[in-house]
Amino acid sequence: MVFPNLFLLIIFTSFLSLQNAPFWAAADNLSLPESLAEKLRDDPQTISLASTDYGRIIQENPIGVFFPVTGNDIAFFIWVMYAGPIRLDIAARGQGHSVRGQALARNGVVMNMTSLANSRQGGGRIVVKTTLSLGPYADVGGEQLWIDVLHETMRKGFSPVSWTDYLHITVGGTLSNAGISGQTFRFGPQISNVYELDVVTGKGESLTCSPTTNPELFYAVLGGLGQFGVITRARIALAPTPTRVKWVRMLYTNFSAFTSDQELLISNNGNEKSDGLNFVEGLLLLQLHTPDNSSFYPLADQPKIASLVSQYGIVYVLEVVKYYDQHSASSVDQELNELLGELKFEEGLKFVRDASYEQFLDRVHTDEVALRSLGLWDVSHPWLNLFIPKSRIADFDLGVFRGIIQKRNITSGVFLVYPMLKNKWDERTSAVIPDEDVFYTAGILFSSGFKDWETFDGHNKDILKFCAEAGIKVKQYLPHYETQQDWMNHFGRKWPTFLRRKAMFDPKKLLSPGQKIFSTSKTP
């Protein structure tokens, strides 16, 4: 997409008249074309909402928030910033579910992607189709929420195969990172289940890309942390949707047995096995207040579970799910028993719940509703997500789960740990994972109030320090670093490719300044 040079003249004239004004004044009075200016807001409420994210830790004010109506608006705005003499950093923001300011733009412009979904001019869309070459797929706007993708695709008898644990976030946001959950071992992350993208690059170009068309851009954007372009459409792989699930939790007091069983399950359940498990995760149980009527566990069993937690400090919970529908309802229990028959969980501590497919996938939203009612959702979230090589997961347990979390008596939060397979990830994407065939993700999701997040952030720093001193080569998922050297270490051998792609698709380093990968201080 090419724009007329007339607008360059408009912008340059504005620049000459404002060249001695402070940065924020120049941005505030920039004579944008009317079609863009009318979509740029700088009222205090809008600025305030765009100045922080779900983490509630970082606050950085933009000079304005842009509300695009179409993908062309996005392309035009980025092109104006790229081609003109006054350049402002641009952060595309969906639900702002980052926790370290990744969706912020200090003294720049935040692009509110949700305005596309609210538009009546074609921005919001979810279109389900089937072709002989691809099978079923959905063309989805990058601003769409995964929960809406679920609803729309299920109406047509299909659904995506790879999810995140929380569905009220945008398609473009998760594809810019990876998109992981308990289905990842079987189908790979969400970025492994994309056929095609529409992307607006840092030069304001609107391009369609896929493994065969503009492949460099396609693989750059997937897992690219927003550094190479704004995703405006994604073509997502679908499969026939189940209707119900068998949702199982099994309790362990031995970490080695827990991880061995997890690894056994993911090795026996490739995506070619229609009768295999569909979801494998794990979590730490650090406290259980009894009686708890809202618990997954029956009231009669809760005293025994609480006793185990008291005795061992940590009880490890293996969580698995098997999907079914009316055709497989009569055989699902037998199949599940066969799949779990060799596991070494504590005797009598296997719990099975039957739920609808949607109820299971949207399970975190149930917690969100409860937390919002208590005023505990919009608080600080000093979270840390790590990928850990399988060869060091036992050391991580001893040093972090046992050595930091248990010894410091930290019971507030959610702590996840489960394995994935390297061969389900595409090395050509920008995402970074450990260099072992099997690796684990650990989600250290501390719960804090507004005043004590720094204490929990100190625990995070101690966790990273322990890993560094113990030589555990972790990779951060949803990464946060303060120096470019740390980013270089994070990307490792992918760093030269990352730099080359940045030069190709965002040479002026306009996009996603909140990631702090590149120096972003600009003045007119």
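Please read all numbers here as calculations on a predicted model, not as lab measurements.
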Do [X] and [Y] get their side chains close enough for a donor-acceptor pair, meaning under 3.5 Å?
X: Asp426; Y: Thr429; value: no
X: Glu346; Y: Thr253; value: yes
X: Trp146; Y: Thr164; value: no
X: Glu196; Y: Tyr137; value: no
X: Glu281; Y: Ser181; value: yes

Distance-minimising heavy-atom pair for [X] and [Y]:
X: Gly282; Y: Phe258; result: CA-CZ, 3.9 Å
X: Trp247; Y: Val321; result: CD1-CG2, 3.7 Å
X: Phe505; Y: Phe228; result: CB-O, 3.6 Å
X: Ser159; Y: Pro242; result: OG-CD, 4.5 Å
X: Leu284; Y: Phe401; result: CD1-CD2, 3.5 Å
X: Arg100; Y: Asp53; result: N-OD2, 3.5 Å

Do the side chains of [X] and [Y] get close enough for a salt bridge, i.e. N-O under 4.0 angstrom?
X: Arg244; Y: Asp354; value: yes
X: Lys516; Y: Asp486; value: no
X: Asp165; Y: Arg363; value: yes
X: Asp301; Y: Lys304; value: no
X: Glu216; Y: Arg501; value: yes

Once the angle between the rings of [X] and [Y] is folded into 0 to 90°, is it parallel (under 30°), tilted (30 to 60°) or perpendicular (over 60°)?
X: Phe518; Y: Trp495; result: parallel
X: Trp487; Y: Tyr481; result: perpendicular
X: Trp377; Y: Tyr166; result: tilted
X: Tyr54; Y: His381; result: parallel

Reference residue Trp383; test side-chain contact (heavy atoms from CB on, under 4.5 Å); the match among Asn460, Leu445, Ile57, Val414: Leu445
Partner of Lys494 under side-chain contact (heavy atoms from CB on, under 4.5 Å), chosen from Arg428, Glu427, Met488: Glu427
Less than 4.5 Å apart, any side-chain heavy atom of [X] and any of [Y]?
X: Gln102; Y: Ser512; result: no
X: Asn177; Y: Pro189; result: no
X: Pro419; Y: Tyr440; result: yes
X: Leu349; Y: Met250; result: no
X: Leu207; Y: Val199; result: no
X: Tyr357; Y: Leu150; result: yes
X: Phe255; Y: Ile393; result: yes
X: Asn278; Y: Val161; result: no

Separation of [Y] [atom2] from [X] [atom1] (nearest 0.5 Å):
X: Ile231; Y: Arg233; atom1: CD1; atom2: CZ; value: 11.0 Å
X: Leu197; Y: Leu175; atom1: CG; atom2: CG; value: 6.5 Å
X: Met420; Y: Gln262; atom1: CE; atom2: CD; value: 10.5 Å
X: Ile169; Y: Ile147; atom1: CD1; atom2: CD1; value: 11.0 Å
X: Leu308; Y: Ile314; atom1: CG; atom2: CD1; value: 13.5 Å
X: Ile404; Y: Ile410; atom1: CD1; atom2: CD1; value: 7.5 Å

Ring centre gap for Phe279 and Phe185 strictly below 6.0 Å: no
Check the surroundings of atom [atom1] in [X]: do more than 12 heavy atoms from other residues, nucleotides or ligands lie under 6.0 Å from it?
X: Gln311; atom1: CD; result: yes
X: Lys350; atom1: NZ; result: yes
X: Lys465; atom1: NZ; result: no

